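What follows is a set of notes on a single structure, which appears directly below.
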Amino acid sequence: MHPFRNWAGTATAQPQAFFTPQSESEIVDILKRAAQAGRRVKVVGAGHSWSDIACTDGYLLQLDALAQVRRVDVQRQEITVQGGIRLHALIAAMHRHGMTLPVIGSVTQQSIAGAIATGTHGSAPGLGNLASRVVGMRLVLANGEVLPINDHENAHLLPAARVHLGALGVISEVTLATVPAFRLHEELSTLPLSQVLNELPRIVESAPYVKLWWLPHVDDVLLSRCWPTMEAATASRVAWWIDEQIVNRHVFASVLRWSARHRAHIPRLNRLVAAAYFRPRQRRGQNTEILPVPMPPLHEETEFALPREQAAAALGALRDLIAERRLHINFPAELRFVAADDGWLSPMSGRDSACLGAYIGPDMPSESEHYFSAFADCMRRFQARPHWGKQFNLGAGYLHTVYPDFERFVTLRQSLDPGRRFQNAFLQRVLGD
């Protein structure tokens with residue numbers, strides 16, 4: 001038995017067997033073996049998630065050995081990689097060829113197959129999520145057949161396969177559309193929350209990259225805006241290392257542990273934290289240096305994508321929920337913006353979206369359960385869609401009402417995996433039987 005625990009420690013499992021395939025053909029062999037044994041199969045990349053999307057009591061496949069760059073086409077600005085490659089390795093490979101992705105998520109530890117499966121995104125009002133950059137893939141089906149999906153073969157399946165939830169097959173290769181590498185100038189500033197709620201549409205349109213953090217019980221919001229620049233980089237690798245290895249791993253983690261034991265002091269503590277870190281500053285660097293954030297300490301996350309025009313109302317509703325229920329929340333909420341795409345189960349499917357994340361530190365199980373449940377109920381008023389890789393308790397009964405292509409995905413899944421080889425408790429909950 002090889003126990004599985006996701007990064008956040010919010011989901012665990014005891015797979016019957018654990019495999020690290022070295023090639024696509026080994027994936028095929030494992031799936032055929034699973035069929036003969038009557039075992040279900042799930043795939044995990046980095047396990048950097050909060051949901052139980054990768055949990056199974058069957059066969060668990062870990063794709064770290066499938067992390068090679070297969071092809072680079074600088075003229076077409078495309079790169080093909082194996083599904084297990086981590087985003088930080090993909091970024092390094094692209095930079096060697098003067099290429100990059102125009103949008104990057106908050107952290108770069110995930111595998112590319114896992115990142116697209118869950119709808120991972122950054123914050124650029126005019127750009128889609130990572131999955132929207134996928135122009136081709138190779139999908140290993142439950143019966144061992146390898147299905148190429150690209151502009152020339154099975155192109156009609158791309159909108160379904162981009163955000164696939166691990167429900168359709170095993171992604172052995174991914175081809176991504178890239179852009180020439182570029183630098184960004186980031187400007188951090190603070191604004192009163194009341195001003196943000198009144199002027200959010202203007203703020204969103206003020207820069208190509210925009211995101212906001214609000215620390216509950218604090219009156220100000222930290223605003224990050226970025227613009228492309230030709231100026232020399234000023235971002236410091238030493239400063240990044242200090243933020244990640246010292247500030248986040250030790251100082252912030254200690255603050256979270258202390259606040260979990262002294263919850264009545266969280267509002268005052270948050271104000272002190274905001275005074276120290278919510279301050280104006282600027283820096284310049286490669287987009288892949290500026291857009292991600294240093295790895296945060298362990299915490300819990302839920303997030304919902306809602307129509308962008310409802311962003312201010314949703315943020316105000318979160319503020320009111322915390323105040324009315326007298327919750328003590330010790331971690332910033334985050335508001336990001338993503339363009340619409342055509343993915344059948346992409347949280348941004350068919351609508352420009354605002355993604356509002358509610359986070360809380362560890363060791364507060366009763367508070368997090370209450371907070372996340374109330375937050376989900378609140379977001380339902382906005383026809384919001386959950387981030388597949390984060391914590392939520394909504395099921396197929398609600399989800400089919402907010403995804404126009406939900407039934408199309410379920411039908412496709414039935415045709416590609418009629419025996420439910422890739423089924424687990426997560427898929428049963430969100431897709432139905």
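These numbers were taken from a predicted model, which means no experiment stands behind them.
Applying the ring-ring contact (aromatic ring centres under 6.0 Å, His included) test to residues at least two apart or on different chains, the pairs with a partner in residues 330-357 are Phe252-Phe331, His299-Phe331.
Checked by atom type, the side-chain pair Ser49/Ser51 shows no donor-acceptor distance below 3.5 Å. Side-chain N/O atoms of Thr175 and Asn150 include no donor and acceptor closer than 3.5 Å.
For Glu309, the CD atom sits in a packed shell: over 12 heavy atoms of surrounding residues, nucleotides or ligands are nearer than 6.0 Å. Around atom CG of Asp219, no more than 12 heavy atoms belonging to other residues, nucleotides or ligands sit under 6.0 Å away. The neighbour count for Arg429 CZ, taken as heavy atoms of other residues, nucleotides or ligands under 6.0 Å away, is above 12.
Using a 4.0 Å cut-off between charged side-chain N and carboxylate O, Asp341 and Arg162 make no salt bridge. Using a 4.0 Å cut-off between a side-chain N of Lys or Arg and a carboxylate O of Asp or Glu, Arg86 and Asp64 qualify as a salt bridge. Using a 4.0 Å cut-off between charged side-chain N and carboxylate O, Arg237 and Glu289 make a salt bridge. With respect to the salt-bridge test (charged N to carboxylate O, under 4.0 angstrom), the residues Glu186 and Lys211 do not qualify.
Of all heavy-atom pairs between Leu306 and Arg351, the closest is CA-NH2, 3.7 Å.
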Given the rule in the side-chain contact (heavy atoms from CB on, under 4.5 Å) test, do Leu176 and Val134 qualify, once you have shown the distances and angles that lead to the verdict?
CA-CA 5 Å; Leu176 299 153; Val134 175; 3.8 Å; yes
side-chain hydrogen bond (donor to acceptor under 3.5 Å, both in side chains) for Asn287 and Thr100? Distances and angles first, verdict last.
CA-CA 8 Å; Asn287 72 310; Thr100 190; 3.1 Å; yes
Take Phe382 and Leu356, measure what side-chain contact (heavy atoms from CB on, under 4.5 Å) needs, and give me the verdict at the end.
CA-CA 12 Å; Phe382 301 101; Leu356 181 57; over 6 Å; no
Where do Arg385 and Leu399 land on the side-chain contact (heavy atoms from CB on, under 4.5 Å) test, with the steps shown first?
CA-CA 7 Å; Arg385 301 162 179 166; Leu399 294 170; 5.9 Å; no
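Separation of atoms OH (Tyr403) and OG (Ser349) is listed at 7.5 Å; rounding is to 0.5 Å. Here the CG-NE2 distance, from Leu327 to His217, works out to 7.5 Å after rounding to the nearest 0.5 Å.
Using cut-offs of 30° and 60° on the angle between ring planes, the pair His185 and Trp227 is tilted.
A salt bridge (charged side-chain N to carboxylate O under 4.0 Å, His left out) with Lys390 holds for exactly one of Glu301, Glu334, Glu300; it is Glu301.
Scanning for ring-ring contact (aromatic ring centres under 6.0 Å, His included) contacts around Phe409 gives an empty result, with sequence neighbours left out. Under the rule for a ring-ring contact (aromatic ring centres under 6.0 Å, His included), Phe406 has no partner lying at least two apart in sequence or in another chain.
Between Phe304 and Phe392, the gap from one ring centroid to the other reaches at least 6.0 Å.
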